[in-house]
There are 2 protein chains.
Amino acid sequence: MNSAADLAIETIQREMTSFARRARALAGRLHPELSLVSYTLLGHLEESGGCRATDLADHYALDKSTVSRQVAVLEREGLVERRQDAADQRVQVLQLTDAGRRMLARVTDRRRAAVEERLSGWTEEDLARFASYLERYNAGLPGDAPTAPGA
Amino acid sequence: MNSAADLAIETIQREMTSFARRARALAGRLHPELSLVSYTLLGHLEESGGCRATDLADHYALDKSTVSRQVAVLEREGLVERRQDAADQRVQVLQLTDAGRRMLARVTDRRRAAVEERLSGWTEEDLARFASYLERYNAGLPGDAPTAPGA
DNA sequence: AACTGTGGTTGTATTATGCAACCACAACGT
DNA sequence: ACGTTGTGGTTGCATAATACAACCACAGTT
């Protein structure tokens with residue numbers, strides 16, 4: 001047993017928890033017009049270039065009914081649209097509308113700016129390392145996929 | 001602007017968001033008996049060695065009514081207890097009970113184990129650096145966690 | 001004593017969520 | 001062809017977490 005590593009793990013656990021706890025409130029302040037969940041759903045639609053509701057549910061460990069309702073809201077707001085899949089009449093492929101893309105870009109930018117402010121004063125090396133650690137941490141999860149690894 | 005730094009910031013934003021999104025579901029799977037919020041409230045009580053409901057509300061950017069109800073539940077479950085502050089009759093100092101401490105330890109351990117599993121294979125150096133980055137990130141919030149949400 | 005501020009609770013509404021039941025269609029097996 | 005089983009999605013509940021506003025009790029001032 002390695003106590004230095006254990007200490008680091010304990011710290012990582014604590015800090016990740018603390019961060020997660022604040023994330024929702026932060027999202028509410030930063031972009032009240034788009035909840036954290038809606039934001040990630042839109043983000044996934046952009047990344048994937050369109051997918052099914054079931055895919056979203058699987059990806060985010062949400063019940064399909066929850067996704068169904070969230071998507072209904074996003075559709076009512078004109079941020080996503082659905083079209084019947086030609087090959088399978090059960091399937092509705094979801095896609096961002098232009099308004100959805102704009103909204104996503106706007107919110108992403110506001111989030112990015114907030115993160116950037118917190119990271120002001122960090123060296124480029126530290127930023128790069130922190131980014132890679134986070135990617136590595138998230139990639140190690142079963143049941144979800146990392147985003148845009150090509151970057 | 002520095003495009004390498006910008007790229008890192010973008011990645012950090014994305015990965016932190018992705019992590020935050022999953023945190024709630026993860027907590028539900030890992031310890032259904034204690035929500036993420038309850039867990040952090042208990043954790044704060046342990047750290048602080050007892051504090052007021054208002055302190056919890058400030059610290060986690062929650063409405064005091066929310067904290068009041070959460071604490072009521074925790075008290076009903078025997079995990080926290082309150083005692084009147086001798087110096088100020090308005091104040092109820094909240095403290096963990098032994099059962100609360102045990103529950104917190106149990107859940108922390110399960111969370112720590114989950115984190116540890118994801119971090120298996122990391123070098124001690126990487127762990128230490130990741131931990132310090134997270135601490136630095138969380139500590140340096142100009143516009144987050146602390147008090148006055150209205151400001 | 002009156003006013004003002006602080007700690008806390010309760011009433012009410014909203015939102016996110018899950019589970020179960022359901023519908024429509026698809027894919028098989030006979 | 002027809003029933004059975006599986007998949008994608010919606011809807012009817014129920015519940016948890018949350019905020020805001022109104023309120024109560026006490027503290028500190030004036």
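What you see is a predicted model; the values in this text were computed from it and never measured. Lettering of chains follows the sequences in order, A, B, ..., and the numbering in each one begins at 1.
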Can you measure [X] atom [atom1] to [N] atom [atom2] for me and round it to whole angstrom units?
| X | N | atom1 | atom2 | result |
| --- | --- | --- | --- | --- |
| R52(B) | dT6(C) | CZ | P | 10 Å |
| Q92(A) | dT10(D) | CD | C1' | 9 Å |
| D88(B) | dA25(D) | CG | C1' | 11 Å |
| R83(B) | dG7(C) | CZ | P | 16 Å |
| Q84(A) | dA24(C) | CD | P | 13 Å |
| K64(A) | dG12(D) | NZ | C1' | 14 Å |
| L94(B) | dG8(C) | CG | C1' | 10 Å |

**Fill in**
Note: for S65(A) and S35(B) on DNA chain D, the residue whose nearest nucleotide lies more 5' is S65(A)
For [N], take OP1 and OP2 only and decide whether either is under 4.0 Å from a side-chain N or O of [X].
| X | N | value |
| --- | --- | --- |
| Q70(A) | dA16(C) | yes |
| S68(A) | dT10(D) | yes |
| T54(A) | dG9(D) | yes |
| T66(B) | dA19(D) | yes |

From [options], nucleotide with atom closest to [X] side chain:
| X | options | answer |
| --- | --- | --- |
| Q89(B) | dA27(D), dT10(C), dT17(C) | dA27(D) |
| L62(B) | dT17(C), dA26(C), dA19(D) | dA19(D) |
| R69(B) | dA19(D), dG9(D), dG18(C) | dA19(D) |

**Item:** Under 3.5 Å donor-acceptor pair, R90(B) side-chain atoms to dG28(D) base atoms
**Value:**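 In this structure, the two groups form no donor-acceptor pair.
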**Request:** Indicate, yes or no, whether a donor-acceptor pair under 3.5 Å links the base of dG18(C) to the side chain of R24(B).
**Result:** no
**Message:** Between R82(B) and V73(A), which residue's closest nucleotide on DNA chain C lies nearer the 5′ terminus?
**Reply:**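 Checking each residue's closest nucleotide, the 5'-ward one belongs to R82(B).
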**Message:** Within this structure, what is the CG-CE distance for the pair N138(A) and M16(B), rounded to the nearest 0.5 Å?
**Reply:**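 Separation between the atoms: 9.5 Å.
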**Asked** Using 30° and 60° as the class limits, which term best fits the ring planes of F19(B) and Y137(A): parallel, tilted or perpendicular?
**Response** perpendicular
**Prompt:** Between Y60(A) and H44(A), how do the two ring planes meet: parallel, tilted or perpendicular, split at 30° and 60°?
**Reply:**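 Ring orientation, 0 to 90° scale: perpendicular.
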**Item:** Carboxylate-amine/guanidinium contact D109(B) R106(B), below 4.0 Å
**Value:**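 Answer for the salt bridge query: no.
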**Note: R82(B)-E75(B) ion pair, threshold 4.0 Å (strictly below)** =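 Yes, this pair counts.
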**Request:** Report which part of the nucleic acid V37(B) touches: base, sugar-phosphate, or nothing (heavy-atom distance under 4.0 Å, all strands).
**Result:** sugar-phosphate
